[in-house]
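Chain letters run A, B, ... following the sequence lines, proteins first, then strands; residues in each count from 1.
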Amino acid sequence: MKGMDLYKAMDLIDDNYLTEALEENTRQTDKRVKYRKNEQGKRSKIPTWGKIVGSMAAALLLVFTGIVNLFPIVAFAVNDVIFLGDLAKAVTFDPSMKACLENEYAQYVGEQKLTEEGYASKVYYMVIDASRVSIFYKTDVPDIATNDGDVYSYPEIKDANGKEMGCATCMLKTEIEGLYEYQVEFEEEAVPEQLQFEIHYVKSVIADAEKTGRLRTEETISKSVYQLYPEEKYRKVIKSYDINQNIEINGQNIWVEKLEVYPTQAKLWFQEDKDNSAILLDMDVVLKDDEGREYDAKANGWTGSSNERGSVITKFYQSTYFSETKEITIEIKSAEWLATEKRYGVISYENQTIENLPEGVKINEMKLNSDQSLTIEFCAPIENDTLEKLGNPCSIETGEVCNLVADENGEDGYSAKISEESLEYQIQRFTIADYKENAYEMEWGWGTKIKLDTPIEIVVK
Amino acid sequence: MEDTQIVELFWQRDKSAIREVERSYQHLLCHIAKNITFSEEDAEECVNDTYMKLWNAIPPEKPDSLKNYAARIVRNLAIDRYRKIQRRDSEIPLICEELESIFSDAGQDYEKIELKELINSFLASLGQQERVLFVKRYWQTESIKDLANTFEMRESAVKMRLSRTREKFRKYLKKEGVQI
């Protein structure tokens, strides 16, 4: 059977698997993690918030629709009336956001723009608390360019003066076609009274490679600018629980500082003791309400920083905010550690070695290329985050991640393939530009996970 | 509007059925067709032809999932169109190559029923994410880049997982006694 026939034969896939794939939640990229600079967290008061009146929002929508439909060119966005109930169904991948919307915890915006070039967009709602602003918007321009010359869109957040903000942002696709959620995280700074939200329309074009050094570049065509005003009754919503308790796990000390619960998420703050002999790489923790319901950690929900007392870690969880629980149990099930002295490993081409190679990882090849770049090929067990666990080569002198030479696809300087010997291993290649002997080291992230025989529980009220 | 209500409109020969399909699934259908044809214009034509096919097929057909039914039609139409235009920048040659690596030396023609059973029992043996990744790649013709965006993974990780799944499929076929 030829490839094309096999490809066509994939239509023999059962309906249930097709449904599963077509309905799979899609999440978008652009996830940037911001590290806290210090542990001087500010505690806010706990204000109450009022529900917005759903029927009022609906009435506004209808009036708005009536007016704008007089102008056919703007008909795109307003034809889509999205009610909170529909929105709640469209964010199934995020139980906390779903709970917000089901409880009508949202600020209606209902503003739309049409650029001179004819690109339409509309901002429907904002979901705001003291930690985050989520903007639900729609545009008729896709977020990915497939072909050269395609126009795509991306969002950006700025302050009221149009200056870029240092917030971590994340764009998510929802179940509703063309509707996105743009999350803006506020960690140390308060949610401002005004935000400038921009949707950029960009054309992907072939660049002059000799001049730009890139094969493809982008050309901004147009943008829509929205001024958004998060209401005060939402901007300060937080429930904060001081814990300040030391716990000992596997002979290491962890200071559990506080738990903050917002409508859209929960955050647990803890700190490693600087005298610990091992670095905490991960901790399996769940939150439980008084009915025993578990609130899991969010994917990629982990930020870190350090101060004079040691590393500070914040983990993000699904929110218990709408559960009306009287107490929350923090249950610690396991921890993953890496011995401090095994954190780094100096790379030596002359000796063909890297110090402190994690157990199970081996060097397949270390090759010095004619352009003085060094290619290192690892054979490492396949895990969800093998690449992250292998860490990055960095400069011993500056501590900065060293420059990597782009791989054959022109990306990153990493490349990976399955080991031909075993399906359980991955071949991972790093190519360091301008290699010098003993000037670089690997920062390992491969630790040992230890499950606790008896989970540690902390109850907060 | 629910699928069943739209199907009911088709049965009543109410042309608003087409508008409802368009409203609910146009983006999805265009996306599938464009993945295959790599052309906006061809994709649009495939989608329009899909509406026509739906109109002619329902009744007598009464699909349980109108979304899947329409998606299958547009995929087949887009494949036919691709066969005529053969755009070099399409993902199809790569996908075909990947599929051939599973069934590599199979000189035989599989019975359709046998192949259907093999594919679906293999899919049943996979974890959900692995299965969705497989279906999105080999049925929905998603590019590695789009899959990486969707699953928040590096492109290399997507390639790796697909490669593992293909290898599993090869082994599965061998275990099931299929001559490869």
(request) Could you tell me which non-hydrogen atom of A:Y7 sits nearest to which non-hydrogen atom of B:T141, and how far apart they are? (result) OH-OG1, 2.6 Å
(request) Select one option (side chain, backbone, both, neither) describing which atoms of B:R75 are under 4.5 Å from chain A's heavy atoms. (result) side chain
(message) So which atom in B:V135 and which in A:A21 form the shortest heavy-atom distance, rounded to 0.1 Å?
(response) CG1-CB, 3.5 Å
(message) Please find the pair of heavy atoms, one from B:R72 and one from A:D11, that lie closest to each other, and give the distance.
(response) NH1-O, 2.6 Å
(message) Please classify the contact between B:I92 and chain A as side chain, backbone, both or neither, with a heavy-atom cut-off of under 4.5 Å.
(response) side chain
(message) Just verifying a value: how many Å separate B:N120 CG and A:L12 CG, rounded to the nearest 0.5 Å?
(response) 7.5 Å
(request) Name the region of B:Y25, side chain, backbone, both or neither, that has any atom closer than 4.5 Å to a heavy atom of chain A. (result) neither
(message) Regarding A:K8 and B:D80, does a basic nitrogen lie under 4.0 Å from an acidic carboxylate oxygen?
(response) yes
(request) Output the distance between atom NZ (B:K136) and atom CG (A:L22), rounded to the nearest 0.5 Å. (result) 6.5 Å
(request) Measure B:A124 against the heavy atoms of chain A and call it side chain, backbone, both or neither at under 4.5 Å. (result) both
(message) Once rounded to the nearest 0.5 Å, what's the spacing between atom CG of A:L6 and atom CD of B:E97?
(response) 13.0 Å
(message) I'd like to know if B:K116 pairs up with A:D15 as an ion pair, taking the criterion as any Lys NZ or Arg NE/NH1/NH2 lying under 4.0 Å from an Asp or Glu carboxylate oxygen.
(response) no
(request) Determine the minimum heavy-atom distance between B:F134 and A:M10, stating which atoms define it. (result) CE2-SD, 4.1 Å
